[in-house]
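As the structure is a prediction and not an experimental result, all values here were calculated from the model. So you know, we letter chains A, B, ... as the sequences are listed, proteins then strands, and number each from 1. Below, all heavy atoms of this structure are taken into account, side chains as well, without hydrogens, waters or symmetry copies.
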There are 2 protein chains.
Amino acid sequence: MAQTPRPALAGALAPRGQATRTEPAKLAIDDIDRLLIRELVADGRATLSTLAEKASLSVSAVQSRVRRLESRGVIRGYTANVDPEALGQMLSAFVAITPLDPSAPDDAPSRLQHISAIESCHSVAGDDSYVLMVRVGSPRHLEQLLHEIRQTANVNTRSTIILQTFYDK
Amino acid sequence: MAQTPRPALAGALAPRGQATRTEPAKLAIDDIDRLLIRELVADGRATLSTLAEKASLSVSAVQSRVRRLESRGVIRGYTANVDPEALGQMLSAFVAITPLDPSAPDDAPSRLQHISAIESCHSVAGDDSYVLMVRVGSPRHLEQLLHEIRQTANVNTRSTIILQTFYDK
DNA sequence: TCTGAAATCTACATCCT
DNA sequence: AGGATGTAGATTTCAGA
């Protein structure tokens, strides 16, 4: 119910010159897409019908938009948000790493990818080459992990313990 | 199919003394829970029937387990994983902040919470008090954001630009 | 993008162990 | 307590317009 009668208005607001300028693949994300994305970030299991209501669109229109966002890679996937501490990962830290041998090929990310305690890996501009986010069960495990990281990637590590996470959107 | 015939075995392995020791809420997470969590982290929109198949359980058993994990806070929620660059957030950074006045009440997280460019906020042990992860559209926006952070929380900032994100599980 | 109908999924009540 | 089955009501999917 309450469809937005925008077609005519949109046409009036965006009159097009005679030549269609090269717009091969319309990659534009409009306000409805943004609304859908916002809702799906807030609740990754929101139903198409709920989304349709909020967007004042039909279920199938929402479905095709969501599919499009997914296939374009705007929405990469959906995931459950799990409390690490409930799973025994009581200690989180940022680990900044720098190569020991600056002339060696720098493939730290792929070398470290298999280590499940490493949650994320970013290359950064600054004192260090990469910053990792890691989660382990205890200080003892962190020690083991740092040892493994140093050996695997031939790097120095500099760790910053996370005391509390206030939010992580 | 292929139910594990564990009841008798479990009873034999865990004989209980006469007094039920204070076990108010069994907070144990078993292997099936872990499997369900793993699947839901990999695909937050997995259906109960899919999960039931993978766990070799009935749909209703899976349903009650997932509900339990949700109400216990093990699963905090579900979210869509969105490509920030597709939304015009071309620049990400870690921003470490330290209070200008160490004697002032330290409520930086709540003061900063409303700023939408701030994705996460952790208090840390180390040179700085907090580490934020921020996403903005351009260097110019980062400058504005840093200004806003400094003013809002009365802190110094030290930023580390993220050049590339290799993975973020 | 909409409507509508079929296939699938979820929620819940009931029974079993 | 935890799990199976059955069923009504939602939800998703897909055709045609």
Side-chain angles (χ1 to χ4, degrees), chain A residues 1-14 25-37 39-40 42-72 74-75 77-78 80, chain B residues 1-17 19-37 39-40 42-72 74-75 77-80:
Chain A
M1 61 188 80
Q3 252 81 295
T4 18
R6 277 199 315 117
L9 187 61
L13 288 176
K26 249 297 186 188
L27 292 178
I29 292 176
D30 65 18
D31 288 342
I32 295 180
D33 287 334
R34 264 182 282 272
L35 167 69
L36 297 175
I37 290 168
E39 295 295 332
L40 283 170
D43 176 9
R45 290 190 76 107
T47 65
L48 296 177
S49 13
T50 303
L51 296 173
E53 249 184 80
K54 305 216 180 187
S56 302
L57 274 182
S58 72
V59 170
S60 67
V62 168
Q63 186 182 35
S64 67
R65 277 171 178 272
V66 173
R67 289 253 175 296
R68 196 159 40 104
L69 291 169
E70 288 166 354
S71 63
R72 274 186 191 168
V74 178
I75 295 178
Y78 303 87
Chain B
M1 59 188 81
Q3 251 81 292
T4 16
R6 277 198 314 117
L9 186 61
L13 287 176
R16 169 65 59 67
T20 45
R21 212 171 27 222
T22 37
E23 298 178 17
K26 249 295 189 188
L27 292 179
I29 291 176
D30 64 17
D31 287 343
I32 296 180
D33 287 335
R34 266 182 281 272
L35 168 68
L36 297 176
I37 290 168
E39 295 295 331
L40 283 170
D43 176 9
R45 290 190 74 106
T47 66
L48 295 177
S49 12
T50 303
L51 296 173
E53 247 182 82
K54 305 217 180 189
S56 303
L57 276 181
S58 72
V59 171
S60 70
V62 169
Q63 185 181 32
S64 66
R65 277 172 178 271
V66 173
R67 289 258 170 294
R68 197 160 40 109
L69 292 170
E70 288 167 353
S71 63
R72 276 185 188 169
V74 179
I75 294 177
Y78 303 87
T79 182

**Q** At their closest point, which heavy atom of A/Val59 faces which heavy atom of A/Ser49, and how far apart are they?
**A**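 Heavy-atom minimum between the residues: CG2-CA, 3.9 Å.
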**Q** For B/Arg45 and A/Gly77, indicate whether the former's side chain and the latter's backbone hold a donor-acceptor pair under 3.5 Å.
**A** no
**Q** Which atom pair, heavy atoms only, marks the closest approach of A/Ala28 to A/Asp33?
**A**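 Heavy atoms of A/Ala28 and A/Asp33 come nearest at O-OD2, 4.1 Å.
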**Q** Any chance you could measure B/Tyr78, atom OH, to A/Leu40, atom CG, to the nearest 0.5 Å?
**A** 14.5 Å
**Q** Write down the distance between CG (A/Leu48) and P (D/dT11), rounded to a whole number of angstrom.
**A**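 Atom-to-atom, A/Leu48 to D/dT11, this comes out as 10 Å.
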**Q** Just how far, in rounded Å, is P of D/dT12 from CZ of A/Arg65?
**A** 17 Å
**Q** Compare side-chain N and O positions of B/Ser49 against OP1 and OP2 of C/dC9 and report whether any pair is under 4.0 Å apart.
**A** yes
**Q** To the nearest Å, how far apart are A/Arg68 CZ and D/dT13 P?
**A** 17 Å
**Q** Without decimals, in angstroms, what is the distance between B/Ile32 CD1 and D/dA1 P?
**A** 18 Å
**Q** Starting from P on D/dG3, measure out to CG on B/Leu36 and report it in whole angstrom.
**A**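 Atom CG in B/Leu36 sits about 10 Å away from atom P in D/dG3.
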**Q** Quick one: which of C/dC2, D/dA4, D/dT12 gets closest to the side chain of A/Ala61?
**A**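 The answer is C/dC2.
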**Q** Specify the closest pair of heavy atoms between A/Ala61 and A/Ser64, including all atoms of both residues, with the distance to one decimal.
**A** O-OG, 3.0 Å
**Q** Going by salt bridge (charged side-chain N to carboxylate O under 4.0 Å, His left out), name the residues that satisfy it together with B/Arg34, two or more places apart in sequence or in a different chain.
**A**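 Listed in chain order: B/Asp31.
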**Q** Compute the bend angle of the helix from C/dT1-D/dA17 to C/dT17-D/dA1 from the end axes (five pairs per end), rounded to 10°.
**A**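 If I round to tens, the end axes sit 30° apart.
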**Q** Identify the two heavy atoms, one from A/Leu35 and one from A/Ala55, that lie closest to each other, and give their separation to 0.1 Å.
**A**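 Here A/Leu35 and A/Ala55 meet closest at CD2-CA, 3.6 Å.
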**Q** For A/Leu51 and C/dT1, give me the distance from atom CG to atom C1', rounded to whole Å.
**A**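 It works out to 16 Å between those atoms.
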**Q** In the structure I gave you, are the side-chain heavy atoms of B/Lys54 and B/Val62 within less than 4.5 Å of one another anywhere?
**A**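 The answer is no, as the side chains (C-beta and beyond) never meet within the 4.5 Å cut-off.
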**Q** Of all the nucleotides listed (D/dT12, D/dA4, D/dG2), which has the minimum atom distance to the side chain of B/Ser58?
**A** D/dA4
**Q** Determine the sole option in A/Ile29, A/Leu48, A/Ile32 for which the side chain to side chain contact (heavy atoms under 4.5 Å, CB included) test with A/Arg65 is passed.
**A**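 Output: one option passes, namely A/Ile32.
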**Q** What's touching nucleotides 12-17 of chain C from the protein side, N or O pairs under 3.5 Å?
**A**
none

